[in-house]
Amino acid sequence: MRIRVLGSAAGGGVPQWNCACRVCRQARAEGNFRLQDTAAVSGDGTAWYLINAAPDVRAGILDTPELAPGPGLRDTPELASGPGLRDTPLRGVLLTTAELDHTLGLLSLREAIRLRIYATATVTMALTSVFPVFPTLAQYTGIDVHEVSDGIALDGGLDVQRLTVGTKRPRYARADLSEEGLAEGGSPKVGGSGPKVGESGDGRGLGSCGRGDWVSALRLTDRATKKSLVYATCLPEWTEDFDAFVDGADEVLLDGTFGTEDELTLMTGRPGTARSMGHLPMSVSREHAGRHPGTRFRFSHLNNTNPAVGDDIVADGDLL
Ligand code: MLT
Ligand code: MN
Ligand code: ZN
């Protein structure tokens, strides 16, 4: 199994375009950038899947030699106009959340001849009825949306297992949907000061996004070598279920949004703890990781406030 990190930053990237914090200033000075969280994974080195599709996914793909298109003989004149020119090793995209930083890049893949997308029913509902990325994309390319669930077999010899690790919705889907409205299965009640989402469309299916499978961890296992990777770059809590999910894995990519619980406030003066934003800080994750000595844990999805450096922090372009 090969895993290539295309982007290792949280939403906004590093540096964030409008941020002059210490980490962003240093990143600009050194030209040391991080694209937003996306990885590419392959069992056989031929069939590749993206895990998430960040807004800057195009730059990540261009920086990844394994994802270059073409039949391998692309300089051969006979093939110069054949369909092989649009051959791509990319077989699909696995989504772990419906957040903008993980999904906007789907729209940048609209040149695809077909696009296979794996997501939970909750994420599919959000990207269909609340923020219609899928119907929009379907106007440009053929899309096949599959439910990502345990036991899915990907091309190239990878098996997928999935665990719901969080129920935090993207802001665009925080419509104050009342549980009552959800239970009735009717159009959701939209109130409060939040955006008026859910008003377009017929509201069908919104009921399923009450608590929902909003945030997933994925475990990918190479059928031939039995090597496995857990991808959990959005992790609100280290539950017993999550502990069992990572047990025995070779590699785990963890949520590195914040180094410590109070980082955001210390660095920017803005209120909010790491956990209140749905991200377990690295200081806590490292303690749990220490109980799995046979597993290599590394952090991705770094926020631009996180100055962490070291062997357990991935960089864009890393091959795990
Ligand atoms: C998150 O990681 O919590 C989300 O991507 C937040 C966001 O960028 O809106
Ligand atoms: Mn994010
Ligand atoms: Zn910054």
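Counting starts at 1 for both ligands and their atoms, in listed order.
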Salt-bridged, R2 to E66, with N to O below 4.0 Å? no
Donor-acceptor pair, R4 side chain versus L320 backbone, under 3.5 Å? no
Picking from I117, L50, I152, L154, what satisfies side chain to side chain contact (heavy atoms under 4.5 Å, CB included) with L94? L154
Regarding Q36 and D56, is there a side-chain donor-to-acceptor distance under 3.5 Å anywhere? yes
Taking only heavy atoms of D101, which atoms of ligand 1 are found under 4.0 Å from at least one of them? 5 (O)
Starting from atom 8 (O) of ligand 1, what is the nearest protein heavy atom, named by residue and atom, and what distance separates them? G11 CA, 4.2 Å
Can a side-chain donor-acceptor contact be found between H301 and T233 if the only test is distance below 3.5 angstrom? no
CG of D316 to OG of S8, rounded to nearest 0.5 Å, is 4.0 Å
Hey, can you tell me if H279 and F258 have their rings parallel, tilted or perpendicular (30° and 60° cut-offs)? perpendicular
H301 near ligand 1, heavy-atom distance under 4.0 Å? yes
Given 3.5 Å as the limit, does a donor-acceptor pair link the side chain of N303 with the main chain of N306, or not? no
Does L100 have a non-hydrogen atom less than 4.0 Å from ligand 1? no
Under 2.8 Å from the Mn ion (ligand 2), which protein N, O or S atoms do you find? Ignore water molecules. D101 OD2, H301 NE2
So the protein N/O/S atoms within less than 2.8 Å of the Zn ion (ligand 3) come down to C19 SG, C21 SG, C24 SG, N304 OD1
In terms of side-chain heavy atoms, does D37 have a donor or acceptor partner in Y231 at a distance below 3.5 Å? yes
Can you check side-chain contact (heavy atoms from CB on, under 4.5 Å) on N304 and C21, steps first, answer last? CA-CA 8 Å; N304 66 71; C21 77; 3.8 Å; yes
Can you tell me which portion of K168 lies within the under-4.0 Å heavy-atom range of ligand 1? Options are side chain, backbone, both, or neither. side chain
Basic-acidic side-chain contact under 4.0 Å: D159, R223: yes
For atom 3 (O) of ligand 1, which of H279, M277, R171, Q36 has the closest heavy atom? H279
For atom 6 (C) of ligand 1, what is the closest protein heavy atom, and at what distance to 0.1 Å? E99 OE1, 4.0 Å
Hey, does the side chain of S276 reach the backbone of T273 with a donor-acceptor pair shorter than 3.5 angstrom? yes
Would you name the heavy atoms of F299 and D255 that are closest together and state the gap between them? CD2-O, 3.5 Å
